Amino acid sequence: SSESKAKNMFETNKDYFEDGAGNSKITSSYSIGNYNLYSLTSNGNYQYLCRVDNTLLYIDVEDEYKDEVKDIIEELGY
C-alpha cells in the first residue's frame with residue numbers, strides 16, 4: 001500500500017532468504033532509484049525479489065524452474 005511498506009517487505013524477505021541459504025550459493029543484488037532486485041540460488045531453490053515503487057514480486061521455487069520463472073519475470077516487466 002506504500003513504498004515504505006514495500007521496501008520493508010523487500011528487506012525482510014531478503015533476510016529470510018539469506019538465513020535459509022546453504023554454504024554454496026549464488027546471489028545477485030542491486031538497487032537504483034525506486035528499484036531493488038535480489039536473487040538467490042541455493043539448496044536446490046531459486047528465490048527472487050524485485051521491488052518497484054510500492055510493488056513487490058516474490059518468487060520461491062525449486063531451481064529446476066529457474067529458466068521458466070525468468071521468462072515470466074521478463075514478461076511481467078520486472
Side-chain angles (χ1 to χ4, degrees):
S1 61
S2 72
E3 187 172 336
S4 65
K5 287 183 180 180
K7 285 180 182 179
N8 287 338
M9 288 185 68
F10 179 89
E11 291 301 326
T12 298
N13 286 296
K14 180 181 172 185
D15 292 343
Y16 173 75
F17 287 166
E18 289 176 346
D19 288 345
N23 292 334
S24 176
K25 61 185 176 181
I26 300 169
T27 63
S28 177
S29 179
Y30 64 89
S31 299
I32 185 165
N34 66 339
Y35 184 85
N36 303 96
L37 179 135
Y38 177 79
S39 67
L40 168 71
T41 303
S42 180
N43 293 334
N45 292 315
Y46 175 67
Q47 298 164 315
Y48 178 91
L49 297 169
C50 183
R51 182 199 66 86
V52 179
D53 293 324
N54 67 338
T55 65
L56 179 71
L57 180 62
Y58 174 105
I59 297 172
D60 186 0
V61 297
E62 293 177 8
D63 66 357
E64 67 186 78
Y65 301 108
K66 183 177 183 174
D67 292 335
E68 183 178 341
V69 166
K70 285 183 175 184
D71 290 341
I72 293 168
I73 292 167
E74 186 175 323
E75 286 179 34
L76 292 172
Y78 277 83

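Just so it is clear, the model here is predicted, and its values are computed rather than measured.
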*Could you tell me which non-hydrogen atom of N45 sits nearest to which non-hydrogen atom of E62, and how far apart they are?*
OD1-CA, 3.9 Å
*Smallest separation among heavy atoms of K14 and S29, with atom names*: NZ-OG, 3.8 Å
*Answer yes or no: is there a donor N or O on one side and an acceptor on the other, between the side chain of Y35 and the main chain of Y78, under 3.5 Å?*
yes
*Is a side-chain N or O of S42 found less than 3.5 angstrom from the main chain of S24, in a donor-acceptor match?*
yes
*Starting at OG1 of T55, measure out to CD of E3 and round the result to the nearest 0.5 Å.*
9.5 Å
*Given side chains that start at C-beta, do those of N13 and Y58 come closer than 4.5 Å, heavy atoms only?*
yes
*Please report the closest heavy-atom contact between R51 and L56, naming both atoms and the distance.*
CB-CD1, 4.1 Å
*asked:* In the structure I gave you, are the side-chain heavy atoms of L40 and Y38 within less than 4.5 Å of one another anywhere?
replied: yes
*Nearest-0.5 Å distance that lies between atom OG1 in T41 and atom NZ in K25*: 11.5 Å
*Let me see the working for N36 and S31 under side chain to side chain donor-acceptor pair (under 3.5 Å), right down to the final yes or no.*
CA-CA 4 Å; N36 303 96; S31 299; 2.7 Å; yes
*Any chain of hydrophobic side-chain contacts (each under 4.5 Å) joining V52 to L37?*
yes
*Mind running side chain to side chain contact (heavy atoms under 4.5 Å, CB included) on F17 and L49 for me, showing each step along the way?*
CA-CA 10 Å; F17 287 166; L49 297 169; 3.6 Å; yes
_Nearest-0.5 Å distance, CG of residue D67 to CD1 of residue I72_ = 11.5 Å
*How far does OH of Y65 sit from CG of D71, to the nearest 0.5 angstrom?*
15.0 Å
*Should we say atom CG of L76 is surrounded by more than 12 heavy atoms from elsewhere, each under 6.0 Å from it?*
yes
*Taking a hydrophobic cluster as the set of Ile, Leu, Val, Met, Phe, Trp and Tyr residues connected by side-chain heavy atoms closer than 4.5 Å, whether directly or through intermediates, do Y30 and I73 fall within one such cluster?*
yes
*Roughly how far, to the nearest 0.5 Å, is the CG atom of N8 from the NZ atom of K5?*
9.5 Å
*Using a 4.5 Å cut-off on heavy atoms from C-beta on, say whether the side chain of E11 contacts that of K7.*
no
*Does a salt bridge link E74 with K70, judged by any charged N lying under 4.0 Å from a carboxylate O?*
no
